[in-house]
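Have a look at the structure below, then the notes.
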Amino acid sequence: MSDLDSTVGVLEIGNVVATYFFGIITLQTYFFFRAFPNDKPLVKTAVAAVFGFELGHTITSLHALYIVTVTDFGQPQLIVKLPDSINITLLFEGMITIVVQAFFITRVQRLSKVHKMIIRFFWICAVLRFAASVALTIFGVQTHSTTTYVADWSWLLTTLFALGAFVDLGVALALCVYLYSQRSTSIARTTILLDRLIAFTLTTGLLTSIISVVTVLCYVTMPDNSVWILMYTLLAKSYSNSMMVSLNSRSAVNASAGSNVITLDISRSANQAAHSSDRRSNFRSSHTESNENAGVSVSRVVETRTDSDDNLYTFKGRHEI
């Protein structure tokens, strides 16, 4: 792979794909504020922050491409060090990641019965990953060669990717364990809904984990080029999309759950039958007596509840006879 392929080519491909995903994130954000105007301010702030960080992430990526392809055109010696805007891109990625991971860790903390020490460990890993992103941004600006930067801070980059993958996979598994535990107390239709939620949770969690692992592999096996930067750019977009899809999917989950709610009320029919039986008895016995109204009411209610935060995984059941 030539120098242009591993630098300019990587930046071009990364920016095309990242801009495409930024468009999707923009639509997701618009849909969120239109579909869920009553969500709590904290959730709205998180969504707005992620969108703002994504905007900064996209702008700095495009700026780096412009510097390499226009400002420094015809000066290949300058490709030794990538533009500083690339390092700012790493910082924006770190801010996106910490917000999204905090969102999912908070969900686990509220919904599941995971031990507090595990939750704290998730928080520590997420904060350490963000700190590593800040440190790598500072070191990248100070370093005069990309090769030197990779050689000196390879251990920190590997740690950053490993921490991210661990938190993503751990949170996804914790949510799946919680959802699976609800299957034993659910009816058939609710079980189907739970299975869909488990598959959805695994998909969103595994996506970011897989991209993190691929980024590490590209970085370790191809340290002399910038292919890992391409994957790292896509990692930020995958985080944002996983959070927005998780929030916006509540509409589809509510619609699916609503179609699965069955309420059977036979109290009126039972009372009418009881009154008819009473009249026949009175006619045969030739004497009048006061009969109490008899009725049998059987109801089965399965409720799926979502609150204004994001908790779309709470199920309640009630059976009355």
Side-chain angles (χ1 to χ4, degrees), residues 3-19 21-22 49-101 125-165 211-212 214-216 218-220 222-240:
D3 290 339
L4 289 177
D5 289 332
S6 62
T7 52
V8 179
V10 168
L11 287 176
E12 287 185 350
I13 295 173
N15 275 280
V16 169
V17 178
T19 303
F21 278 108
F22 178 70
V50 167
F51 179 77
F53 296 152
E54 277 291 350
L55 179 62
H57 185 269
T58 304
I59 291 174
T60 52
S61 297
L62 292 172
H63 178 267
L65 179 62
Y66 182 87
I67 293 296
V68 173
T69 58
V70 179
T71 305
D72 295 342
F73 178 76
Q75 305 178 70
Q77 70 277 6
L78 297 179
I79 300 180
V80 174
K81 183 182 185 301
L82 292 175
D84 289 339
S85 50
I86 285 291
N87 298 304
I88 305 301
T89 301
L90 300 181
L91 178 61
F92 278 120
E93 191 278 339
M95 291 189 288
I96 293 168
T97 302
I98 188 64
V99 173
V100 175
Q101 288 184 339
C125 290
V127 172
L128 288 177
R129 189 192 186 284
F130 175 69
S133 299
V134 175
L136 287 171
T137 300
I138 297 174
F139 298 147
V141 173
Q142 296 175 345
T143 304
H144 300 290
S145 171
T146 302
T147 304
T148 304
Y149 172 77
V150 172
D152 291 344
W153 303 107
S154 60
W155 64 272
L156 188 56
L157 280 167
T158 304
T159 303
L160 181 146
F161 298 138
L163 287 174
I211 295 179
S212 296
V214 172
T215 305
V216 172
C218 291
Y219 171 72
V220 173
M222 297 179 288
D224 298 330
N225 58 50
S226 303
V227 175
W228 65 273
I229 295 180
L230 166 63
M231 301 306 302
Y232 196 40
T233 301
L234 299 180
L235 183 61
K237 307 303 181 186
S238 67
Y239 273 114
S240 300

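Computed from heavy atoms alone, side chains included, the values below leave out hydrogens, waters and symmetry copies.
- Looking at every heavy atom in both residues, Ile96 comes nearest to Ala236 through CG2-O, 3.8 Å.
- The minimum heavy-atom distance between Thr233 and Gly14, with the atom names listed, is CG2-O, 4.3 Å.
- Tyr232 and Phe161 have perpendicular rings, their planes meeting at more than 60° on a 0 to 90° scale where under 30° would count as parallel.
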(message) Using the rule given for side chain to side chain contact (heavy atoms under 4.5 Å, CB included), can you reason through Thr143 versus Asp152, listing the C-alpha separation, both sets of side-chain angles and the distance that settles it, and then say yes or no?
(response) CA-CA 10 Å; Thr143 304; Asp152 291 344; 5.6 Å; no
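- In terms of heavy-atom proximity, Ser133 sits nearest to Leu90 at CB-O, 4.1 Å.
- Side-chain contact between Thr60 and Phe92 is present, with heavy atoms from C-beta onward closer than 4.5 Å.
- The minimum heavy-atom distance between Ile211 and Leu235, with the atom names listed, is CG2-CD1, 3.7 Å.
- A heavy-atom distance below 4.5 Å is not found between the side chains of Leu156 and Leu160.
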(message) Could you walk me through whether Glu93 and Thr97 satisfy the side-chain hydrogen bond (donor to acceptor under 3.5 Å, both in side chains) test, starting with their C-alpha distance in whole Å, then the side-chain angles of each, then the deciding distance to 0.1 Å, before giving a yes or no?
(response) CA-CA 6 Å; Glu93 191 278 339; Thr97 302; 2.9 Å; yes
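- Residues Leu62 and Asn15 share a closest heavy-atom pair of N-OD1, 3.1 Å.
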(request) Using the side chain to side chain contact (heavy atoms under 4.5 Å, CB included) rule, take Lys237 and His57 through it: C-alpha gap first, then chi angles, then the decisive distance, then the call. (result) CA-CA 9 Å; Lys237 307 303 181 186; His57 185 269; 3.4 Å; yes
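- For the pair Leu65 and Glu12, the minimum side-chain heavy-atom distance is below 4.5 Å.
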(message) Does Arg129 form a side chain to side chain contact (heavy atoms under 4.5 Å, CB included) with Ile98? I'd like the steps, not just the answer.
(response) CA-CA 8 Å; Arg129 189 192 186 284; Ile98 188 64; over 6 Å; no
